[in-house]
Number of protein chains: 2
Amino acid sequence: MTAGTAATDTRSRLLDTALKLFSEHGVEGTSLQMIADELGVTKAAVYYHFKTKDEITEAVAAPGVQELDQIIEEARALRSRGAQIDHALSGFVELIVRQRSLLSLYNSDPGIQRVINRAFRTPRGEDVKTRMKAVLAGENPSLADAIAVHVVFTGLAMVGGAPEYAGIDDDTLREHLLEAGRRLLGRPRRKRPDNHLPGR
Amino acid sequence: MTAGTAATDTRSRLLDTALKLFSEHGVEGTSLQMIADELGVTKAAVYYHFKTKDEITEAVAAPGVQELDQIIEEARALRSRGAQIDHALSGFVELIVRQRSLLSLYNSDPGIQRVINRAFRTPRGEDVKTRMKAVLAGENPSLADAIAVHVVFTGLAMVGGAPEYAGIDDDTLREHLLEAGRRLLGRPRRKRPDNHLPGR
DNA sequence: GTCTATACCGCGATAGAC
DNA sequence: GTCTATCGCGGTATAGAC
């Protein structure tokens with residue numbers, strides 16, 4: 001169902017290129033000309049696949065937002081508060097490790113934030129960031145807890161995009177991010193991790 | 001010595017306006033036209049006070065960078081590692097609370113980061129962010145410590161710019177940021193804070 | 001010394017030829 | 001499905017009014 005016409009191929013190559021350039025120069029610092037040049041086509045050819053630059057930005061952001069949304073729903077279905085936090089945190093960290101630069105873009109680029117807040121208020125009213133923080137902090141959290149969660153949420157995501165850690169392998173990075181997150185959220189050190197990708 | 005010609009006044013009003021607009025729309029999302037309109041002058045008038053947009057960005061970023069630099073040097077002059085960390089952390093938090101949006105800009109805007117990395121490699125070789133993280137993490141830190149420091153540094157700064165906490169008073173915010181920072185850095189809870197502005 | 005008028009070129013975006 | 005041509009806005013730049 002996806003072995004791909006030339007168009008689908010160009011489209012996905014375009015999104016890969018866009019994500020790479022967005023991470024290097026920011027969304028607003030990346031021109032359609034740069035994307036077109038990297039792909040070896042003209043600006044207008046890019047416009048065939050996407051009607052606006054915002055649409056490209058949205059398509060780049062979408063997969064991560066969707067995954068976050070799924071993790072949130074899974075976490076909310078769990079019974080104990082501890083299990084909810086554990087699942088949300090480990091899922092979040094897993095996403096950071098797997099996508100690296102994408103999650104940091106969500107917090108470090110005004111251009112992509114504008115698009116996310118406008119395009120993904122769906123499917124459950126509030127935006128993903130708010131909902132994720134709500135799962136981690138619980139209902140009516142104290143100010144201290146709300147702030148700690150905010151620090152964790154933004155801080156962890158930014159590590160994924162930091163060039164200093166680009167060379168660290170996934171398992172090591174995931175372990176350290178989890179440890180930092182648990183410490184700040186006041187969770188006990190865990191023995192057996194809640195593996196997010198069971199058969200890996 | 002500074003009661004002010006019209007020019008100095010326009011210049012400082014311009015920087016205030018720029019910071020406000022940068023925080024709302026990002027550096028690259030803010031046009032010289034917006035700044036000019038807000039001041040009631042023309043684009044070319046703005047261009048009289050600053051030769052380029054980068055120069056405006058640099059002037060907006062400068063005070064915070066300078067203060068960070070001073071805090072770092074003060075901390076490095078202390079004898080014990082604990083005192084160094086305490087001073088660097090409390091100075092950093094104090095700056096976040098006092099400037100709110102400015103410090104979050106440093107971490108959340110590709111435009112201002114470009115300018116900071118290019119313009120403020122002075123006065124001591126490495127950039128301020130790297131040097132601050134070095135003070136907090138010590139020499140040859142473990143990967144776990146380096147990552148924890150990275151999370152604290154970016155996470156705390158982002159809270160200052162978060163609209164959710166714009167209404168919180170300075171003392172309360174400072175207290176919670178310090179608490180979160182100390183917990184993540186593994187510092188004991190403190191009794192008497194290292195007051196950064198003694199007579200306040 | 002402080003500002004306005006005006007023009008230049010690159011960027012996002014649209015229309016239409018091949 | 002891709003390209004040329006064109007338009008309005010944004011950063012830059014200069015000439016000149018006061």
Side-chain angles (χ1 to χ4, degrees), chain A residues 2-22 24-61 109-116 118-119, chain B residues 1-61 109-116 118-119:
Chain A
T2 45
T5 61
T8 15
D9 186 57
T10 303
R11 198 190 139 99
S12 70
R13 281 199 314 134
L14 199 159
L15 289 179
D16 288 347
T17 303
L19 173 55
K20 195 189 78 184
L21 292 173
F22 286 174
E24 289 172 29
H25 313 285
V27 172
E28 324 225 29
T30 302
S31 71
L32 297 186
Q33 192 66 60
M34 295 185 206
I35 299 176
D37 287 352
E38 191 101 356
L39 287 169
V41 297
T42 64
K43 224 168 48 159
V46 171
Y47 265 99
Y48 169 74
H49 294 278
F50 296 93
K51 271 187 281 296
T52 66
K53 192 184 179 182
D54 273 9
E55 217 175 88
I56 299 178
T57 310
E58 195 179 316
V60 167
D109 193 296
I112 212 167
Q113 285 180 75
R114 223 194 53 241
V115 169
I116 289 182
R118 200 177 41 57
Chain B
M1 126 203 197
T2 46
T5 60
T8 9
D9 186 56
T10 303
R11 199 190 138 100
S12 70
R13 282 200 312 135
L14 198 159
L15 290 178
D16 288 349
T17 303
L19 174 56
K20 195 189 79 183
L21 292 173
F22 286 174
S23 304
E24 288 172 27
H25 313 286
V27 172
E28 323 225 29
T30 303
S31 70
L32 297 186
Q33 191 66 60
M34 295 185 206
I35 300 175
D37 288 351
E38 191 100 356
L39 287 168
V41 296
T42 63
K43 226 169 42 158
V46 171
Y47 204 78
Y48 167 74
H49 292 279
F50 298 93
K51 271 187 284 296
T52 65
K53 191 184 180 182
D54 274 8
E55 219 175 85
I56 299 178
T57 310
E58 195 180 315
V60 166
D109 192 297
I112 212 168
Q113 285 179 76
R114 225 193 53 242
V115 170
I116 289 183
R118 200 178 40 58

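Lettering of chains follows the sequences in order, A, B, ..., and the numbering in each one begins at 1.
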Does the side chain of [Y] come within less than 4.5 Å of [X]'s, by heavy atoms?
X        : Y       : answer
B/Arg114 : B/Glu28 : yes
B/Leu14  : B/Phe50 : yes
B/Val115 : B/Val27 : no

Next on the checklist: For A/Asp109 and A/Gln113, which I'm curious about, is there any donor-acceptor pair between the side chains at under 3.5 Å?
Outcome noted: no

Checklist entry - When the distance from CZ of B/Arg11 to C1' of C/dG1 is rounded to whole Å, what number comes out? => result 15 Å

Checklist entry - For the pair made of CG in A/Leu39 and P in D/dG1, what is the distance, rounded to whole Å? => result 15 Å

Item to check | Rounded distance (nearest 0.5 Å) linking atom OG1 of A/Thr57 with atom CG of A/Leu19 | outcome: 11.0 Å

For a quick test of reading the model: is some side-chain N or O of [X] closer than 4.0 Å to OP1 or OP2 of [N]?
X       : N     : result
A/Thr42 : D/dC3 : yes
B/His49 : C/dC3 : yes
A/Tyr48 : D/dG1 : yes

Item to check | nucleotides 11-17 of chain D: protein proximity per nucleotide (B base, S sugar-phosphate only, - neither; heavy atom, under 4.0 Å) | outcome: BBB----

Checklist entry - What residues, two or more places apart in sequence or in another chain, satisfy side-chain contact (heavy atoms from CB on, under 4.5 Å) together with A/Asp16? => result none

